[in-house]
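Counting starts at 1 for both ligands and their atoms, following the listed order.
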Amino acid sequence: MITDAQRAELIRKALSMREYSYVPYSNYAVGAAVLTEEGTVYGGCNIENSSFGATNCAERTAIFKAVSDGHRRLSAVAVCGAPVGEEPSDYAWPCGICRQVMSEFGSADLPVIVALSETAYQEFPLSELLSHSFSADSMKSAES
Ligand code: THU
């Protein structure tokens, strides 16, 4: 569970991070923010590359910033996106790779917020966005 104030802060951060998106190929700016279990907030933007596969999504930028600062457990994620220069008018759903990365550092009930603004958003537990997911448990032997 997160508070209304925490959700509003995450959405504001995600919206503001779009300013830093490096998107010369898609012109689609995504911002994300994560709240760590320690209560810190990290923002991220999408960072594209001329070799398209090297592009990093906003969610993973934010998560990797948190993890590389020592915060391995997430309490919430927010994401928003729109073409550069426009306000979000459609929800920017996290891609499959980002959902998988969220599952590495968040629990099944991790709140994932997709937002147009502080007041227009949808929120789902990660398990609804990534069902029957692969995890460390998947690799455990039945005998151990
Ligand atoms: N993108 C994200 O940042 N997050 C997602 O979950 C989906 C897609 C970015 C990657 C690329 O820069 C642009 O959106 C178009 O795919």
Side-chain angles (χ1 to χ4, degrees), residues 1-140:
M1 277 295 290
I2 57 166
T3 66
D4 289 347
Q6 286 172 319
R7 183 185 303 102
E9 183 189 355
L10 278 184
I11 293 173
R12 272 198 305 278
K13 183 74 174 173
L15 288 167
S16 73
M17 290 307 296
R18 295 183 56 231
E19 179 186 344
Y20 303 122
S21 292
Y22 175 72
V23 288
Y25 306 104
S26 73
N27 206 43
Y28 184 76
V30 183
V34 299
L35 175 67
T36 70
E37 269 188 9
E38 292 77 23
T40 45
V41 171
Y42 288 85
C45 61
N46 50 340
I47 304 169
E48 298 187 344
N49 195 281
S50 57
S51 177
F52 296 167
T55 291
N56 209 58
C57 290
E59 301 93 311
R60 278 177 287 140
T61 304
I63 293 168
F64 294 158
K65 282 170 70 177
V67 172
S68 61
D69 241 359
H71 302 284
R72 294 186 178 175
R73 298 308 299 169
L74 305 177
S75 296
V77 178
V79 56
C80 53
V84 171
E86 294 181 24
E87 297 304 312
S89 57
D90 289 309
Y91 291 109
W93 297 99
C95 79
I97 295 174
C98 288
R99 294 178 196 205
Q100 180 68 27
V101 171
M102 288 175 202
S103 79
E104 188 74 24
F105 301 108
S107 59
D109 61 359
L110 175 76
V112 180
I113 302 151
V114 288
L116 304 180
S117 69
E118 261 182 71
T119 51
Y121 63 86
Q122 298 188 50
E123 184 172 323
F124 299 90
L126 178 60
S127 58
E128 269 186 45
L129 299 181
L130 188 71
S131 61
H132 305 286
S133 62
F134 186 83
S135 71
D137 286 346
S138 314
M139 294 180 280
K140 283 201 181 122

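Atom CZ of Arg99 is separated from atom CG of Leu110 by 12.5 Å, given to the nearest 0.5 angstrom.
Of the protein's non-hydrogen atoms, the one nearest atom 9 (C) of ligand 1 is Asn46 ND2, 3.5 Å. The single protein non-hydrogen atom nearest to atom 6 (O) of ligand 1 is Glu59 OE2, 2.6 Å, given as residue, atom name and distance. From the protein, the heavy atom lying nearest to atom 11 (C) of ligand 1 is Glu48 OE2, 3.2 Å. Among protein heavy atoms, atom 3 (O) of ligand 1 sits closest to Ala58 N, 2.9 Å.
Less than 4.0 angstrom separates atom 16 (O) of ligand 1 from none of the non-hydrogen atoms of the protein.
Residue Cys57 touches ligand 1 through backbone and side chain together, judged by heavy-atom distances below 4.0 Å.
With a 4.5 Å cut-off on side-chain heavy atoms, Val101 and Phe64 count as touching. You'll find the side chain of Tyr28 stays beyond 4.5 Å of the side chain of Glu48, heavy atoms only.
Of all atoms in ligand 1, listed by their number and element, those nearer than 4.0 Å to a heavy atom of Tyr28 are 14 (O). The Pro94 neighbourhood of ligand 1 comprises atoms 6 (O), with distances under 4.0 Å to a heavy atom of that residue.
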Pairs under 3.5 angstrom only: tabulate donor-acceptor contacts from the side chains of residues 77-90 to other protein residues two or more places apart or in another chain.
none

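Between Ile47, Val30, Ile97, Thr55, it is Thr55 that holds the heavy atom closest to atom 10 (C) of ligand 1.
Other residues, nucleotides and ligands contribute more than 12 heavy atoms inside 6.0 Å of the CZ atom of Arg73. At most 12 non-hydrogen atoms from other residues, nucleotides or ligands lie less than 6.0 angstrom from OH of Tyr20.
Counting only N and O atoms by type, the side chains of Ser51 and Asn49 include no donor and acceptor under 3.5 Å apart.
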